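Notes for the one structure printed next.
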Amino acid sequence: MQFIPRDQPPRSIWALEQSGVHPLLARLYAARGVQDAATLDASLAQLLPPAGLKGIDAAAALLADAIAANQPLCVVADYDCDGATACAVAVRGLRLLGARQVRYIVPDRVVDGYGLTPPIAERVKASGADVLITVDNGIASVDGVARARELGLQVLVTDHHLPAAVLPDASAIVNPNQPGCTFESKSLAGVGVMFYVLLALRAELRQRSVFTAEQQPKLDTLLPLVALGTVADVVKLDANNRRLVAQGLARVRKGQMPPGMQALFAAAGRQSEKCTSQDFGFALGPRINAAGRLSDMTLGIECLLTDDVGHATELAAQLDRINRDRREIEGDMRAQALELAQDMFDPEEDPPSALCVFDPDFHEGVVGIVAAKLKDLHHRPTFVFAPSQAEGKGHELKGSGRSIPGFHLRDALDLVAKRHPGVLLRFGGHAMAAGCTLEEDNLATFEEALQQVAQEWLDEATLQRRLETDGPLPPEYRRPELADTLAREVWGQGFAPPTFSEPVEVVGQRLVGDKHLALKLRHHGQPVDGIWFGRVDPLPATAHLAFRLEADEWQGNKRVRFVVEGMAE
């Protein structure tokens, strides 16, 4: 592994320090592109105004008219955490703003596929709705929107995914990535887009004298859900998204959140009053996502919608059990996939430039997670395939891929499709993650074609595993309270958690649970504990390590621990 030190502009560091920012935080922020303290202002007043979103005025007027006419509304959700939180925000927010008839439908991953399809539109019409609202999907649903309009439904598309060449013929579209939208933050999650629609709707209702500024409903109660969906969807945490997440975290730490979120914290064994963005990404998010992978996302949405504490506790317990099942299935699949992938690395032959793994016993609900694990281990673009579980589609394989920097996965699939027409039945995605469907008989052709593209696009430098770091940790900052301060900040995609790197002495090491390496280290002459999760091979007496700071509590005493991320070769 090669460590790449982040650039730390001195002028930005100085400006931040002069504004009262802690010297270490000033250094970390400057390395992430922050130039002044104003960017760090997380107040609601600093959020980008809704008016910048193309189509939002039409969306607000459509919803205001529907509420005034008491028209039934139906939200069409997606089956991941962003879709579930966006659905909960839509239903809760619309009800807060006066809608009396709000339902939702969430497609089944296996039966319905992705997005607003014509059959889903027909189900919405059959439910008695007059207005259909998509959340976290719809921008590619040309046929589904057309069918909904044929049935007499008004359609509001709220989405954040990249559009195709042809947009759906919806009554209104709100998507920061649609052509002609000048909204500064292109990285809003689906839940963030829906929250902005509600802000615009509330402003429209004020203009219509439905509310005054003094007695209008408070939409900030939805921010914990917005924060959860934003972090769980791994969108870039630009300044605007960091404000949304910071506001959500602040409320969660005060206990101001839906009962279902509180129940999920308890089920995960996490303390909400100490909540960090990591808890959203690695504790709550996976439990909600598990419902969409193995069961029915209705469970996750209902958990976020209910105000009954007892019911929320029951649903959170169900989601926790499903997540344990998911981990078990994933663990078995990962072990099998690792063996299959290892067979591709013949020491007497050149290693493959991309990995493609399939087993008839794999479960399509977790292929993406397993692909991510293999990609992390081998640093290669990776696809994992499983048999389709859809009725009558047993001859089809569902694949999920994960990539490395420098290899645009969706573009690679597009090239494969052009070179081998008919091999891919369906495909989509973006640079780092994509999916596709193909006939099992075409798997070998796909694998060969993917390898060809990878050999053309990847070179030795790209295949070298790299890790950006923040350089050495000054010994005076190796304190538990500073580790806590760092943990409370908003870190995530595009605003990476602090990772320091420097040579340290390894004075002791032992295996814990047969799969983690517990370390006794010496940092600038002082002893410090370390842990390297997933590492079993011993370290040399002196090792150049990349590590995160963590405040570890043992028998009431807090101490700093280094969580190791990698070792320089």
Side-chain angles (χ1 to χ4, degrees), residues 9 11-22 25-54 56-57 60 82 85-86 89 93 158 160 174-177 181-204 206 213-214 216-231 233 235-254 256-257 275-277 280 485-497:
R11 286 180 179 273
S12 297
I13 295 174
W14 180 85
L16 291 168
E17 288 183 352
Q18 292 301 302
S19 299
V21 178
H22 186 284
L25 282 172
R27 176 181 136 191
L28 297 172
Y29 285 141
R32 286 154 181 78
V34 176
Q35 297 180 354
D36 56 68
T39 309
L40 301 173
D41 186 346
S43 65
L44 288 175
Q46 294 302 312
L47 283 178
L48 294 172
L53 281 161
K54 180 181 178 180
I56 202 161
D57 290 340
D82 185 19
T85 51
V89 163
T158 75
H160 69 124
V174 183
N175 181 337
N177 291 301
C181 184
T182 59
F183 193 70
E184 186 179 333
S185 173
K186 301 298 183 183
S187 300
L188 275 179
V191 66
V193 175
M194 189 61 224
F195 180 70
Y196 264 87
V197 169
L198 293 171
L199 291 175
L201 172 58
R202 186 176 65 176
E204 176 70 17
R206 281 200 311 271
E214 291 73 30
Q216 67 182 2
K218 290 186 176 296
L219 295 178
D220 61 350
T221 58
L222 304 172
L223 285 166
L225 293 167
V226 176
L228 170 57
T230 298
V231 173
D233 210 47
V235 293
K236 181 182 177 182
L237 291 186
D238 58 20
N240 203 62
N241 276 340
R242 291 202 308 278
R243 291 183 184 109
L244 290 171
V245 173
Q247 289 288 330
L249 282 171
R251 285 161 178 77
V252 167
R253 290 168 185 158
K254 295 176 183 176
Q256 300 167 358
M257 71 194 107
C275 176
T276 70
S277 50
F280 287 156
T485 297
L486 294 180
R488 290 176 67 85
E489 298 298 306
V490 177
W491 312 104
Q493 182 69 21
F495 206 79

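Just so it is clear, the model here is predicted, and its values are computed rather than measured.
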Between L28 and L486, is any pair of side-chain heavy atoms under 4.5 Å apart?
yes
Indicate yes or no: at least one non-hydrogen side-chain atom of V235 is less than 4.5 angstrom from one of L188.
no
Do you know which two heavy atoms are closest between A227 and F280, and how far apart they sit?
CB-CE1, 3.7 Å
Do you know which of V490, V191, L223 makes side chain to side chain contact (heavy atoms under 4.5 Å, CB included) with T230?
V191
Minimum-distance pair of heavy atoms, taken over all atoms of L249 and T276:
CD2-C, 3.7 Å
Checking side chain to side chain donor-acceptor pair (under 3.5 Å) for the pair Y29/D36: CA distance, chi angles, key distance, verdict?
CA-CA 9 Å; Y29 285 141; D36 56 68; over 6 Å; no
Judged by atom type as modelled, is there a donor-acceptor pair below 3.5 Å linking the side chain of D82 to the main-chain atoms of D233?
no
Here the pair of heavy atoms bringing H160 nearest to N177 is O-ND2, 2.8 Å
At their closest point, which heavy atom of N240 faces which heavy atom of Q46, and how far apart are they?
OD1-O, 4.5 Å
Greater than 12 external heavy atoms within 6.0 Å of K54's NZ
yes
Which heavy atom in L198 sits nearest to a heavy atom in L219, and how many Å separate them?
O-CD1, 3.6 Å
Would L16 and L40 count as a side chain to side chain contact (heavy atoms under 4.5 Å, CB included) here? Give the steps.
CA-CA 10 Å; L16 291 168; L40 301 173; 4.1 Å; yes
Quick one: do V34 and R242 satisfy side chain to side chain contact (heavy atoms under 4.5 Å, CB included)? Show the steps, please.
CA-CA 12 Å; V34 176; R242 291 202 308 278; 4.1 Å; yes
Should we count CD of Q18 as having more than 12 external heavy atoms under 6.0 Å?
yes
Quick check for you: to the nearest 0.5 Å, what is the distance between N175 atom CG and C181 atom SG?
7.5 Å
Rounded to the nearest 0.5 Å, what separates atom CD in E184 from atom NZ in K186?
9.5 Å
Please report the interatomic distance CG(L244) to CG(L222), rounded to the nearest 0.5 Å.
11.5 Å
Measure from the side-chain N and O atoms of R27 to the backbone N and O of I13, and report whether any donor-acceptor pair falls under 3.5 Å.
no
Do the non-hydrogen side-chain atoms of V193 and P176 ever get within less than 4.5 Å of each other?
yes
Minimum side-chain heavy-atom gap L25-E489 below 4.5 Å
yes
Any non-hydrogen side-chain atom of R32 less than 4.5 Å from a side-chain atom of W491?
yes
Audit row: Q493, S187, side chain to side chain contact (heavy atoms under 4.5 Å, CB included) steps and yes/no
CA-CA 10 Å; Q493 182 69 21; S187 300; over 6 Å; no
Taking everything shown except R488 itself, do over 12 heavy atoms lie less than 6.0 Å from its CZ?
no
For E204, the salt bridge (Lys or Arg N to Asp or Glu O under 4.0 Å) test, sequence neighbours excluded, returns R208
Verdict with reasoning, F195 to L225, per side chain to side chain contact (heavy atoms under 4.5 Å, CB included)
CA-CA 10 Å; F195 180 70; L225 293 167; over 6 Å; no
Any residue meeting salt bridge (Lys or Arg N to Asp or Glu O under 4.0 Å) with D220, in chain and number order, not counting sequence neighbours:
R251
S185 and D238: CA distance, side-chain angles, deciding distance, side chain to side chain donor-acceptor pair (under 3.5 Å) verdict:
CA-CA 7 Å; S185 173; D238 58 20; 2.6 Å; yes
Which atoms form the tightest heavy-atom contact between V174 and I56, and what is the distance?
CG2-CA, 3.9 Å
Atom CD of residue position Q35 - does it have more than 12 heavy atoms of other residues, nucleotides or ligands inside 6.0 Å?
no
